[in-house]
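The structure under discussion appears below in the form of structure tokens.
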Amino acid sequence: MKKGGFITIVAVLVFVFLMFPLVIIACTAFNTAPTISFPIQGFTLDWFKNVFATESFIDGFKLSFTLAIVATLLALLVGVPAAYALSRFSIKGKKFLKNYFLSPTIIPGIVLGYALYQFIVLTLKMGVIEGLLIGHFMVVLPYIIRVVGSSLEQFDFSIEEMAWTLGCPKIKAFFKVVLPNISSGIVASFMLAFINSFNNIPISMFLSGPGVRTLPTALMNYIEYFYDPTVSAISVLLMIGTILIMVLVEKTLGIGALTK
Amino acid sequence: MAEVRLENITVSYDGKNNVLEGLNLKVNEGELLALLGPSGCGKTTTLRVIAGFIDPKDGHMYCDDRDFTRIPVHKRNFGLVFQSYALFPHLNVYENVAFGLKLRKMDKVTIEKKVTEILKVCDLTEFKDRLPKNLSGGQRQRVALARALVIEPELLLLDEPLSNLDAKLRLNMRVEIKRIQKKLGITTVFVTHDQEECFSISDKVAVMNGGVIEQFGTPEEIYTRPKTEFVARFIGFENFIKLHKVDGVLECADGTKISVDDSGDKDECLLTIRPDDIKIVADDYKGENVLCGEVVVRTYLGKSYQYETMTPFGKVVVNDASGTLYNTGDKIRMVLDKAKIVLV
Ligand SMILES: Nc1ncnc2c1ncn2[C@@H]1O[C@H](COP(=O)(O)OP(=O)(O)OP(=O)(O)O)[C@@H](O)[C@H]1O
Ligand SMILES: [Mg+2]
């Protein structure tokens, strides 16, 4: 009993510690003072209005959102079959391949960003959007392979073989019995990949071009010139967005899907 | 319903060592063949070759004289039950069973009729809306069986389907499988390493060892007349005595004469007999095939006592149900039942 009480206290403390900055930021978003400060002096929604009035935020959001969706979908298209092949077949050099696919998560983002800048922008002279897409694709692919891969490790492939014996051709069997049983892994990998792409700064910083900014780079740019609570307002909006997505996932799959 | 033949099947997983070595096997139409053998002897591999999961390095498989070697798994129409059952976790019992029928583009009414029927046969009607994770081991096993049977397969392949069940359920399911198999007249290959299960269920038995078939025959033949020492050991012959021929008569190492119906043409052979087929007799017993030994270990088996005895030519194990107790160190005389002696 005593031990249980102690753990509860620690849990509450950790929770408070994690929540504290978020609460402060949320409060400052409604502050009338022109700089981010706490405690707040008065209540206003002006900063939220400012968010929607600032074109670079709206454009940045649109770009980040589209980029994250497209890059993640592309990565799913490549990553799911790759993860499947890695866990289904005994390929020579499997370990090497696995590590290779994960290497972008180990290299610092700045280094990867700079390398991509050298290659995509300077050598290949690609367009900004294409460059960003390739960069983000590379950043999110390891998450997909990793998370879907660990889902597939749990999957009993005799289930797939059973579908074959019942008359199901291989490709169809993949969609009918493999996919439904790793769907939670796919959703989890999608969320992780989406969030990582959406929040990414180093890659976007190197690959952005004139007039093309993702939301985080637009935010960074804004903070360099202004120190007003508009950024807090954006944070609140993003938090609300995240909570909505979580609720949606919880309603459809159960939140356990993300931790499995 | 079909007749299945394997001809010279050779399989290797790593390209170097052959797991199956020139294996030949024939299952007649409507028969239940049991593949019996110790762990790792290649039973599952044989089954996977028949099912089409493994491309043999060499050899052919025929189904009703059609060469099936290159036919992909999904076109074979064989029903399969794995040891792990491999039910579809995301589908309920009804959908699991209906899976194969839906792929055959049948109309809804026919599917429903067939599924309902087979669920009834397998005693699963009340569970049809449950997910596999909410079923007991025995129920899962029946779902796996129903799913394999409902597609009316040419051939039914069962890989140790009873090994996850408790003893009582095993017995029930064994009888059940046999009943359904006979009723539908479906050719079946049943993999097991349990000899009792094997003999009670099968029409034919193939005993496997190290990737080859050691002996093939009816359960009675295998049970009473094993052809090799390996088969004999595997099916419960515990006594092995070296014999050699002196003037046409078989003798043990110490000169004890052994009389058998057919002494064969080899000069040296191995006598084998089950502990149940040896009797302990009184000291004044006059007759053939009598051995003397000293009791080393006594074990209580329930319906009888088992005595491990030491003779001049090695260990002899005898089961005695007479009720007379012998103690360690006692000298006893044992007679071998002439009709039950097997030479390998
Ligand atoms: N995928 C595989 N890769 C390499 N070797 C394998 C593979 N599957 C089986 N083997 C080997 O092939 C041999 C035969 O295996 P198999 O599974 O056919 O045995 P089994 O008779 O079914 O045994 P058990 O009674 O334990 O199920 C074993 O030595 C095993 O180690
Ligand atoms: Mg096996």
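Everything numeric here is computed off the predicted structure, so don't read it as measured data. Letters A, B, ... are given to chains in the order of the sequence lines, protein chains preceding strands, and every chain is numbered from 1.
Evaluation of the ring-ring contact (aromatic ring centres under 6.0 Å, His included) rule for B:F68 yields B:F78 as partners, not counting sequence neighbours.
Heavy atoms from other residues, nucleotides or ligands lying under 6.0 Å from CZ of A:F157 number more than 12. Heavy atoms from other residues, nucleotides or ligands lying under 6.0 Å from CG of A:L244 number more than 12. The number of heavy-atom neighbours closer than 6.0 Å to CZ of A:F65, taken from other residues, nucleotides and ligands shown, is 12 or below. Counted within 6.0 Å of NZ on B:K120, heavy atoms from surrounding residues, nucleotides or ligands total 12 or fewer; the atom is thus considered open. Atom CZ of A:F89 is surrounded by more than 12 heavy atoms from other residues, nucleotides or ligands within 6.0 Å.
Among the candidates B:L80, B:L87, B:V150, B:I151, the residue making the largest number of heavy-atom pairs closer than 4.5 Å to chain A is B:L80. Heavy-atom pairs under 4.5 Å with chain B peak, among A:P180, A:P169, A:A163, at A:P169.
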What are the atom names and distances for all donor-acceptor pairs below 3.5 Å between chain B and chain A?
unit_1 : atom_1 : unit_2 : atom_2 : d
B:R48  : NH1    : A:E161 : OE1    : 3.1
B:R48  : NH2    : A:E161 : OE2    : 2.6
B:H90  : ND1    : A:N181 : ND2    : 3.1
B:H90  : NE2    : A:K176 : O      : 3.1
B:R104 : NH1    : A:L166 : O      : 2.8

